[in-house]
Amino acid sequence: MAVVDINDNNFVSETDTGVTLTDFWATWCGPCRMQSPVVETVAEKMSSVKFTKMDVDENPATAQEFGIMAIPTLLVKKDGEVVERLTGFTPAHQLEAILSKHID
């Protein structure tokens with residue numbers, strides 16, 4: 001499954017059902033550029049999770065609402081509720097293990 005670009009306007013509707021992961025990133029962020037291919041790889045393996053990404057420079061409202069002060073930050077939601085928050089680079093095996101805990 002491809003990683004979907006989302007924004008402040010559609011964040012809630014894109015992440016309100018099922019298990020979702022949102023990668024908060026910015027173009028200038030080195031660790032974000034390392035995290036992005038990991039998220040894409042895990043997205044290919046885990047079809048039961050919806051993967052999204054949001055540029056914090058272009059969408060500051062959502063980042064502010066969730067108190068995201070450092071990037072990359074990965075927010076895992078289940079049925080609209082935040083269940084995990086990962087800040088900094090997260091390797092694929094760790095990300096897969098965390099997401100697996102929330103899949104029914």
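Numbers here simply count residues along the sequence, with the first being 1.
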Worksheet item: Do Asp8 and Pro60 come close enough that some side-chain heavy atom pair is under 4.5 Å?
Response: yes
Discussion item. Working to the nearest 0.5 angstrom, can you tell me the gap between Thr52 OG1 and Asp5 CG?
Written reply: 9.0 Å
Worksheet item: Can any side-chain N or O of Asn59 pair as donor or acceptor with the backbone N or O of Asp55 at less than 3.5 Å?
Response: yes
Practice prompt. Working to the nearest 0.5 Å, report the span between CG of Asn9 and CD of Glu14.
Written response: 11.5 Å
Practice prompt. Would you check if the side chain of Asn7 reaches a backbone N or O of Asn10 as a donor-acceptor pair within less than 3.5 Å?
Written response: yes
Practice prompt. Kindly give the heavy-atom pair with the smallest separation between Ile71 and Ala26, and that separation in Å.
Written response: CD1-CB, 3.5 Å
Worksheet item: Would a distance-only check, ignoring hydrogens and angles, find a side-chain to backbone donor-acceptor pair under 3.5 Å from Arg33 to Thr27?
Response: yes
Worksheet item: Can any side-chain N or O of Asp23 pair as donor or acceptor with the backbone N or O of Leu74 at less than 3.5 Å?
Response: no
Discussion item. Between Val4 and Phe51, does the side chain to side chain contact (heavy atoms under 4.5 Å, CB included) criterion hold? Intermediate values first, please.
Written reply: CA-CA 6 Å; Val4 179; Phe51 290 83; over 6 Å; no
Worksheet item: Residues in salt bridge (charged side-chain N to carboxylate O under 4.0 Å, His left out) with Lys53, at least two apart?
Response: none
Response to the item:
Note: Leu95 and Thr90 closest approach over all heavy atoms is N-CG2, 3.9 Å
Worksheet item: Which hydrophobic side chains are connected to Met69, either touching it within the sub-4.5 Å cutoff or through other members that do?
Response: none
Worksheet item: Just by distance, with hydrogens left out, do Lys77 and Thr20 show a side-chain donor and acceptor under 3.5 Å apart?
Response: no
Worksheet item: When clusters are formed by joining ILVMFWY residues with side-chain heavy atoms under 4.5 Å apart, either directly or through shared neighbours, do Val49 and Leu86 land in the same one?
Response: yes
Fill in: Shortest non-hydrogen contact from Val3 toward Ala43
CG2-CB, 4.0 Å
Worksheet item: Is it true that Phe24 and Phe89 fall in one hydrophobic cluster, defined by side-chain heavy atoms closer than 4.5 Å?
Response: no
Worksheet item: Taking all non-hydrogen atoms of both residues, which atom of Pro72 and which atom of Cys32 are closest, and how far apart?
Response: N-SG, 3.6 Å
Worksheet item: To the nearest 0.5 Å, what is the distance between CD1 (Ile68) and CZ (Arg85)?
Response: 5.0 Å
Discussion item. Working note: Asp57 + Trp28, criterion side chain to side chain contact (heavy atoms under 4.5 Å, CB included); need CA distance, chi angles, decisive distance, verdict.
Written reply: CA-CA 10 Å; Asp57 289 336; Trp28 50 264; 2.7 Å; yes
Discussion item. Is it true that, when you exclude Gln64 itself, more than 12 heavy atoms of the residues, nucleotides or ligands shown sit nearer than 6.0 Å to its CD?
Written reply: no
Discussion item. Using 0.5 Å steps for rounding, measure from the CZ atom of Phe11 to the CE atom of Met54.
Written reply: 5.5 Å
Practice prompt. Check step by step if side chain to side chain contact (heavy atoms under 4.5 Å, CB included) holds for Ile103 and Met46.
Written response: CA-CA 10 Å; Ile103 299 170; Met46 302 187 80; 3.5 Å; yes
Worksheet entry | ILVMFWY cluster, Phe66 and Val12 together (side-chain gap under 4.5 Å) | yes
Worksheet entry | Closest approach of His102 to Lys78 (non-hydrogen atoms, all atoms of both residues) | O-NZ, 2.9 Å
Discussion item. Do Leu21 and Val83 land in one hydrophobic cluster if side-chain heavy atoms of ILVMFWY residues count as linked below 4.5 Å?
Written reply: yes
Discussion item. Taking Val38 as the starting point, is it possible to reach Met34 by hopping between hydrophobic residues whose side chains are less than 4.5 Å apart?
Written reply: yes
Worksheet, complete the sentence: Tightest non-hydrogen contact, residues Ala70 and Thr87, listed as CB-CG2, 3.7 Å
Discussion item. Taking NZ in Lys45 as the centre, count heavy atoms belonging to other residues, nucleotides or ligands within less than 6.0 Å. Is the count above 12?
Written reply: no
Worksheet item: Judged by atom type as modelled, is there a donor-acceptor pair below 3.5 Å linking the side chain of Thr73 to the main-chain atoms of Gly88?
Response: no
